[in-house]
Amino acid sequence: MSKNIDHLMHEDRRFPPPAAFAECAVARPELFERAAEDRLQFWADQAKSLVSWHTPFTRVLDWSNPPFATWFDDGTLNVAANCLDRHIDAGLGDRVAFYFEGEPGDRRAVTYGQLTDEVKRMANALESLGVTAGDRVAIYLPHIPEAAAAMLACARIGAPHSVVFGGFSAESLRSRIDDAEATIVITADGGNRKGKVLPLKPIVDAALRATDEQPAQSSVKHVVVVQRCGNEIEWMDERDHWWHELRDEAKPDHVALGFAAEHPLFILYTSGTTGKPKGILHTTGGYLTQAAFTHRNVFDLKPESDVYWCTADVGWITGHSYVVYGPLANGATSVMYEGTPDTPHTGRWWEIVERYGVTQLYTAPTAIRTFMKIGRAVPNEFDLSSLRLLGSVGEPINPEAWMWYHEVIGGGRAPIVDTWWQTETGAIMISALPGITTLKPGSAQSPIPGIAIDIVDDNGTPISTYDGGLLTVTQPWPSMLRGIWGDPGRFIETYWQKFGSAYFAGDGARRDSDGDVWLLGRVDDVMNVSGHRLSTAEIESALVSNPMVAEAAVVGAADDVTGQAVVAFVIIKSSHADGGSPADQSAQLRAHVAQQIGAIARPAKVYLVPELPKTRSGKIMRRLLRDVAEGRPIGDTTTLTDPAILSVINAQVH
Ligand code: PRX
């Protein structure tokens, strides 16, 4: 077995750091030595050098009550002042924070000075709407500079934000608002997506409206609306406020108070193995330290000269840590692009790289595979010579995609960092360090300095061979999640019950004979579609909420472009058997899931089947359904009540 995997993952290609790159690289090999000598001192040094403190901390880590860690807990700081005011104080007010490019082609450069002014005014405006430290604010915006400003205005006044990706449905938004008991929603009239206006305010209105399904009034008192697209929207005078009016009327000065390092910074909902998303809680001091450290060292950031671009939306953790907090804490200049990569043409990203002279590009393998399909002729039309570093995140990058990225986008010169981390980890955990690591296509390589991982078997015993096992983080880290909002029991059960004081990531991994780490995908019922996390249980419960569905089982089937694709197997109630052709019913169910959760969760396929493969105890064998969906020979069916059902399902699918 071990030989087999090692053979499968055998990768001979090596890319040592180019000498010129290594010479000026931000990350120095001593980082590893210092972290190995004294891990806590190492993180304390980073926290002191990368973050400005209102009150310096004297304690580093308190792990006396695992899994509840505190970092730097007697220090106080203001995250927004770290991302803004201190750069102004350093004379960098004219430096561009964001080169914003809207999908329709509108452009604006937002300087640190302008962003600071906007954030101070909006902090005052939020306070005038009654928001105080600790109150939760939901943010449902397109990928525009106001999203960063909204997050920072919340951070400035100590109000934890809960950003909900603009592609989620009214139901998903409402459940997140309810769970966090948010009192304010910041949204926009609409955003631009694939050449059309995606109305957002109407979705907020629907989410807050009392209906038969959601009779209770929501906790929301005010809705703040950014005018982005000018689309017509309904207005409730006593509840709704234009962002620009609040901003223009607000006082320009705002004093940033220091908050405790363990004060909540944000909640970000992510899919777990049940139907209910988890509100992952992050705090300030440790989070900002690791976000800033990794952003600087993993992306080799030279803030004076670089133009860095992370393509993630602010609605995801990558957008939080590597569009907003990491880059702004480091005084970086970033590109922010509102739209999709192929609007209005398939060279849009490369045109943007050329226009701004982008130096670092951080994106997901699914995007790279999509570009590979389109072919190299498109990027070859643009001057990509400014790119000096490439990053990958969200799912394993297969070696072919790695090589294409390296050659076609990186001109064979730019190192690639494949960064493994999660919403829960808050910041990058496993990655090459450019200028130090000899790169190996397909492997995320090594934990960064100060991070300790292990690959273990089901009993928690470290795996010494090259076999696959379960990835764990064995020591607390500064940007670790501090809990699941309102549910400490689920926090313990999901991540800590299995291996005691080691964090269970939910990913399979293995080390090769050089000690490099390869990620093998999720080991639980979480899918990864285009680098986005989706839960099988959540989509199944959306399906069964449709009156025609008796039962549903969802699997993530391997897909060349999106990594995995959502495939659903559904039993239609006999009372609805005549409710349309199978193609119609399957189309209706795909639309139903999109309406319930959001377009990202829309199944690629919905198969109508007469029965699902179940064990005698009634458990659905999703593993076998995955075999069917991927067209593989079907695995062991001996535990099924009725093994014959698989041939029936198979015949339906193929
Ligand atoms: O399965 C891993 C995969 O994405 C999951 C985390 O998803 P999310 O919380 O949405 O955060 C995505 C962005 C950090 C992980 O459990 N994943 C993330 N990065 C990689 C990866 N799988 C392999 N290689 C990666 N570099």
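All residue numbers in this chain count up from 1 along the given sequence. Every number for a ligand or one of its atoms is a count from 1 in the order of the listing.
- Between the choices Glu395, Glu424, Gln445, the shortest heavy-atom distance to atom 24 (N) of ligand 1 belongs to Glu395.
- Within the 4.0 Å heavy-atom shell around ligand 1 one finds Gly394.
- Residue Asp560 places its CG atom among 12 or fewer non-hydrogen atoms of other residues, nucleotides or ligands, all under 6.0 Å distant.
- When non-hydrogen atoms are compared, ligand 1 lies under 4.0 Å from the backbone of Pro396 as well as from its side chain.
- Looking only at atom types and distance, the side chain of Asp342 has no donor-acceptor partner in the side chain of Trp349 under 3.5 Å away.
- Scanning the protein for heavy atoms near atom 1 (O) of ligand 1, the closest one is Asp507 OD1, 2.6 Å.
- Counting atoms of ligand 1 from 1 in the listed order, those under 4.0 Å from a heavy atom of Val393 are 13 (C), 14 (C).
- Using modelled atom types and a 3.5 Å distance limit, the side chains of Glu538 and Ser271 yield a donor-acceptor pair.
- Heavy atoms of Gln422 found under 4.0 angstrom from ligand 1 belong to the backbone as well as the side chain.
- Ligand 1 has no N or O atom lying under 3.5 Å from any N or O atom of Thr318, backbone or side chain.
- The shortest contact between atom 10 (O) of ligand 1 and any protein heavy atom is with Arg533 CD, 3.3 Å.
- The side-chain tip of Arg176 points at the ring of Phe168 from less than 6.0 angstrom away and within 45° of straight on.
- With hydrogens and angles left out, the side-chain atoms of Gln475 and Tyr503 include no donor and acceptor closer than 3.5 Å.
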Step by step, would you call Phe504 with Trp496 a ring pair (Phe, Tyr, Trp, His ring centres under 6.0 Å)?
CA-CA 6 Å; Phe504 171 48; Trp496 306 95; over 10 Å; no
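- Any N or O atom pair closer than 3.5 Å counts here, and Asp418 shares at least one such pair with ligand 1.
- Put simply, the residue from Glu103, Arg193, Arg348, Lys194 that forms a side chain to side chain donor-acceptor pair (under 3.5 Å) with Thr340 is Glu103.
- Heavy-atom proximity to Asn528, at under 4.0 Å, picks out these atoms of ligand 1: 3 (C), 4 (O).
- Among residues two or more places apart in sequence or in another chain, the ring-ring contact (aromatic ring centres under 6.0 Å, His included) test is passed with Trp421 by Tyr322.
- The part of Thr419 lying near ligand 1 is the backbone, judged by heavy-atom distances below 4.0 Å.
- Both the backbone and the side chain of Thr423 come within contact range of ligand 1, each with a heavy atom under 4.0 Å.
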